[in-house]
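One structure is given below, represented as structure tokens, and several questions about it will come after.
Naming: A, B, ... by sequence-line order, numbering from 1 per chain. Here the structure is a predicted model, which is why all the values come from computation and not from measurement. These numbers come from the heavy atoms of this one structure, side chains and all, not from hydrogens, waters or symmetry mates.
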Amino acid sequence: MSDLFHSPAAPTAGSHLIERLNQAQRQAVEAVDGPVLVLAGAGTGKTRVLTVRLAYIMAQGKAAPGQILAVTFTNRAAREMSERIAGLIGRPTEGMWLGTFHAIGARILRRHAELVGLRSNFTIIDTDDQLRLMKQIIEANQIDEKRWPGRALTSIISRWKDKGWTPDQVPAEEIGDFAHGKGVELYKQYQHRLTELNAADFGDLLLLNLRLFLEHPDILASYHQRFRYLLVDEYQDTNVAQYLWLRLLAQGSRNICCVGDDDQSIYGWRGAEVGNILRFEQDFPGAVVVRLERNYRSTAHILGAASGLIANNQGRLGKTLFTEPVEGEMGEPVKIQGVWDEAEEARTVGETIEDLQRNDHVLNEMAILVRAGYQTRAFEERLITIGVPYRVVGGLRFYERQEIRDACAYLRLIRQGDDDLAFQRIVNTPKRGLGNKSLQTLYTIARGRGQSLLTASEDIVTTDELPPQRRAGLRRFIEDIARWRAEASRLPPSELAEIVLDESGYTGMWMADKSVQAPGRLENLKELVRAMAEFESMEEFLDHVSLVMDVETGPGDDMANIMTLHSAKGLEFDTVFLPGWEEGVFPNQRSVEESGHAGLEEERRLAYVGLTRARKRAIVLHAANRTVHGQWQSNIPSRFVDELPEDHTERAEAAGYGFVQDEGALWQIAMNRPQRGDRQSNYHKVIEARSQRFGDGEEVFIPVGRGNDVPAIGSRVFHQKFGYGMVKSIDGSKLDITFDKAGQKKVMADFVKLA
DNA sequence: CGTATATATCTTTTT
DNA sequence: GATATATACG
């Protein structure tokens with residue numbers, strides 16, 4: 001094995017690698033030179049092809065690890081690929097450029113930062129900082145932030161960056177009406193500030209790479225020299241900027257292999273262009289196109305259901321996935337189950353999990369895949385109640401937590417005094433008596449002099465521009481920073497962090513905090529210090545924080561998985577639960593509203609991705625009612641439910657839910673299961689109703705109208721602060737209440753309860 | 001300045 | 001229901 005890379009390229013080298021591949025897979029591996037497009041359906045052994053291909057290239061002596069560039073979309077995919085290649089070649093993948101677009105972009109950018117106006121220790125800012133900066137720019141331009149929210153502009157600019165547009169390149173018709181067409185001007189200012197701050201946002205990592213390559217052909221040429229073989233995973237999810245980046249790099253060797261599946265393109269909202277796949281053959285004439293259609297993952301029923309569903313999409317490249325049925329086994333049909341509300345949905349899933357457990361199925365092989373994050377809660381609560389261990393994959397990630405970001409801001413500021421965003425984040429955390437007013441003053445002075453906040457502060461503490469008390473707080477802060485900076489060079493990152501967290505009073509702040517979350521935050525801070533021990537330099541660590549975001553998951557305890565459909569891509573499980581298949585939830589209402597037909601098709605692809613995660617069992621659920629934003633909402637089953645071919649599905653018997661029928665003042669539940677195709681006529685909108693149990697145990701559902709209860713005029717109510725009172729008049733959701741003790745007050749209906 | 005209370009807005013999905 | 005922002009008060 002050790003002479004793997006140095007042995008002369010015998011024609012048979014690496015043949016052991018491809019022995020167990022099917023014909024199409026083998027073709028994808030053996031087409032080593034020139035452009036290759038692999039259209040890989042779900043479960044067709046894509047990762048296997050990818051990894052074997054790389055191992056094969058090396059085994060043939062075509063390239064050393066350092067001459068291979070392999071790009072993935074997610075860190076998880078990168079990690080997995082790295083591990084599997086290591087397994088194949090029997091050694092770590094050292095030297096190989098393997099990572100996400102952004103991670104590799106950052107790596108390249110650090111080497112040549114000066115050429116695009118940055119220093120090599122530039123900061124990669126997160127969405128928090130991005131927003132903070134944007135708000136300042138909007139304010140500086142005297143634009144009403146209420147009307148033109150910074151968040152909106154941030155995402156507009158991100159989309160522009162996805163397209164590869166610098167401020168000058170945004171086409172006139174795309175400028176939009178943000179702040180009456182000032183969007184581009186604000187974009188320009190935003191970039192200007194980023195340069196001043198020696199910072200780059202996510203989009204810049206690629207955009208600045210493009211600029212670097214275009215303005216400095218010699219540098220591009222050096223990467224042509226370096227990268228002999230390019231490999232791209234999830235090609236259907238690349239945006240234009242990534243596409244341009246790849247095209248530039250591939251100009252050298254033309255040995256580029258892209259793997260993708262148009263049916264699994266689910267990142268259109270983030271600028272992904274399926275068109276990149278369709279365009280491949282034009283961009284790379286003579287490209288070999290290989291289709292992987294033999295599915296090794298799912299049962300015939302699951303595959304049939306998924307194929308039937310995705311067939312409703314127009315504009316596909318068209319693949320027909322097939323399995324070779326094992327002795328005519330179809331497996332279990334996809335189960336479709338209607339439930340009353342999300343609580344019952346969670347209960348149903350919980351029971352099925354327990355059933356499976358009793359039959360020796362492991363939790364690791366079960367996954368609940370939801371459309372949006374807010375859906376996880378009901379399942380978490382239920383699984384806790386019945387004592388089933390679970391993990392939420394994705395969710396709010398470790399490095400996105402407030403305390404972690406604060407801690408990192410300290411470290412950033414120590415490393416780079418120009419980091420105003422970090423400065424602003426923590427200068428008064430914990431409290432140093434520097435409120436809004438002081439910060440405003442400070443900011444104005446600093447900007448006026450063109451200095452960073454920290455530099456300006458050093459001056460300001462010697463003048464009387466701030467009142468003495470504030471000055472003292474600020475002095476303490478900058479002295480702390482200066483001291484830590486002096487220590488930074490001779491301490492390993494984790495020790496420095498420990499000292500900073502302690503001496504700054506940050507840890508103390510959380511220890512004094514009595515809220516329920518405080519202990520967890522302290523725990524996270526400890527975890528942070530522990531995680532830092534793995535890193536040699538602060539540099540390395542902070543890059544990890546901004547680019548990798550998640551923390552290595554611990555050893556594989558047996559736990560059920562809960563995650564969004566998006567984060568499920570690339571994974572597979574024996575059993576997959578697909579709850580929330582209701583119009584409005586899935587397909588997601590906003591998605592359809594904003595992107596129309598294209599949005600709907602992307603939702604359908606998401607459904608397809610969900611189904612094809614399942615090896616043996618898929619259970620689709622839809623609830624008649626659920627709370628969204630704390631308000632009850634009634635939904636009809638998703639059109640996707642109807643699109644599942646009948647001969648691959650089975651309706652589960654469900655108990656205890658049905659329709660609401662008018663019966664005078666009360667609304668009662670009438671038992672009736674929704675029938676296939678009944679969406680419109682039979683399963684019409686269920687009137688919002690709330691379950692209430694009476695003394696004798698009988699449960700009835702009381703309609704509450706759209707939204708929450710609004711107490712009637714004259715009713716007695718209770719308010720947290722004002723106590724008991726009586727409603728005098730109602731104006732929309734505002735109530736005029738005469739309280740027994742506090743007198744007359746205007747209060748939002750949400751703040752009172754019926755007494 | 002800091003705190004508490006009132007209101008608004010929010011939920012897509014992620015590097 | 002949870003969280004960011006605005007306002008009022010101490």
Side-chain angles (χ1 to χ4, degrees), chain A residues 71-78 99-106 124 126-128 130-131 135 145-146 149-151 155 158 161-162 201-206 234 237-239 241-242 265-272 369-378 381 393-397 399-400 402 428 430-439 466-467 469-470 473 517 546-550 563-569 580 584-595 599 602-603 605-606 609-610 627-631 633 708 719-722 733-734 745-751:
Chain A
V71 217
T72 64
F73 228 69
T74 63
N75 294 297
R76 191 182 53 211
T100 63
F101 279 98
H102 293 90
I104 290 175
I124 300 166
D126 61 25
T127 48
D128 262 23
Q130 214 179 339
L131 187 58
K135 282 181 172 175
E145 225 260 343
K146 276 272 169 66
R151 259 187 75 124
S155 76
S158 296
K161 290 187 174 179
D162 289 341
D201 68 16
F202 262 98
D204 289 338
L205 295 179
L206 284 158
E234 307 283 15
D237 288 329
T238 51
N239 60 34
Q242 291 162 335
S265 161
I266 54 174
Y267 285 101
W269 52 274
R270 207 177 67 185
L369 308 183
V370 297
R371 175 63 183 84
Y374 69 83
Q375 290 171 263
T376 61
R377 182 201 232 111
E381 282 172 0
V393 180
L396 81 146
R397 276 160 302 202
Y399 293 115
E400 275 174 346
Q402 182 191 337
N428 200 32
K431 302 266 181 287
R432 296 185 179 90
L434 296 157
N436 230 322
K437 187 75 192 300
S438 309
L439 286 185
L466 284 180
Q469 242 187 332
R470 319 285 160 229
Q517 303 134 11
S546 16
L547 292 168
V548 179
M549 303 297 284
D550 59 341
M563 69 189 90
T564 65
L565 288 158
H566 283 89
S567 23
K569 191 159 75 151
V585 177
F586 190 38
N588 178 278
Q589 183 146 20
R590 277 180 62 163
S591 187
V592 178
E593 272 168 14
E594 281 167 21
S595 315
E602 181 153 312
E603 293 288 301
R605 290 193 291 270
L606 204 45
V609 167
T627 44
V628 180
H629 305 171
Q631 307 222 75
Q633 188 186 304
N708 290 338
H719 185 272
Q720 280 276 318
K721 190 180 170 198
F722 304 130
S733 54
K734 282 200 189 74
K745 300 271 181 196
K746 270 202 167 75
V747 178
M748 294 285 285
D750 286 351
F751 286 86

Inset, instruction - Report which part of the nucleic acid E594(A) touches: base, sugar-phosphate, or nothing (heavy-atom distance under 4.0 Å, all strands). - result: base
Legend entry - Pairing of K161(A) and D204(A) as salt bridge, 4.0 angstrom limit: yes
Inset, instruction - Please tell me which of Q402(A) and R377(A) maps to the more 5' nucleotide of DNA chain C, matching each residue to the nucleotide holding its nearest heavy atom. - result: R377(A)
Inset, instruction - Using a cut-off of 6.0 Å, state whether more than 12 heavy atoms not belonging to Q402(A) lie near its atom CD. - result: yes
Legend entry - Upstream residue (5' side of DNA chain B) when H566(A) and G433(A) are each assigned their closest nucleotide: G433(A)
Legend entry - CG on D126(A) to CZ on F202(A), rounded to 0.5 Å: 8.5 Å
Legend entry - Protein-nucleotide distance (N428(A), atom CG; dT3(B), atom C1'), rounded to Å: 14 Å
Legend entry - Spacing between R151(A) atom CZ and dC10(B) atom P, to the nearest angstrom: 8 Å
Inset, instruction - Round to the nearest Å and state the distance from E381(A) atom CD to dA2(C) atom C1'. - result: 13 Å
Legend entry - Selected nucleotide, minimal atom distance to R270(A) side chain, candidates dT14(B), dT11(B), dG1(C): dT14(B)
Inset, instruction - Give the rounded distance in Å between these two atoms: CG of N239(A) and P of dT13(B). - result: 20 Å
Inset, instruction - Calculate the interatomic distance between K146(A) atom NZ and dA8(B) atom P; express it in whole Å. - result: 9 Å
Inset, instruction - Would you classify F101(A) as touching base, sugar-phosphate or nothing, given that sugar-phosphate means primed atoms plus P, OP1 and OP2, and contacts are heavy atoms under 4.0 Å? - result: nothing
Legend entry - Value rounded to 0.5 Å, distance of OG in S595(A) from CH2 in W269(A): 11.5 Å
Inset, instruction - Scan K135(A) against the nucleic acid and name what it touches under 4.0 Å (heavy atoms): base, sugar-phosphate only, or nothing. - result: sugar-phosphate
Legend entry - side chain to side chain contact (heavy atoms under 4.5 Å, CB included) partners for L439(A), two or more places apart: V427(A), L442(A)
Legend entry - Closest listed nucleotide, where the reference is the side chain of A372(A) and the choices are dC1(B), dT15(B), dT13(B): dT13(B)
Inset, instruction - May I have the distance from K431(A) (atom NZ) to dG2(B) (atom P), rounded to whole angstrom? - result: 6 Å
Inset, instruction - Mind calculating the distance between CD (Q517(A)) and C1' (dG1(C)) to the nearest angstrom? - result: 13 Å
Inset, instruction - Remember a base hit wins even if backbone is also touched, and classify T627(A) as base, sugar-phosphate or nothing at under 4.0 Å, heavy atoms. - result: nothing
Inset, instruction - Take atom P in dA4(C) and the same atom in dT13(B), then report the distance between them in whole Å. - result: 15 Å
Legend entry - Integer-rounded Å distance: dT11(B) P and E400(A) CD: 14 Å
Inset, instruction - Let me know, please, whether A103(A) or R432(A) comes out on the 5' side of the other along DNA chain B by nearest nucleotide. - result: R432(A)
Legend entry - Nearest to side-chain heavy atoms of S567(A), which nucleotide of dT15(B), dA2(C), dT14(B): dT14(B)
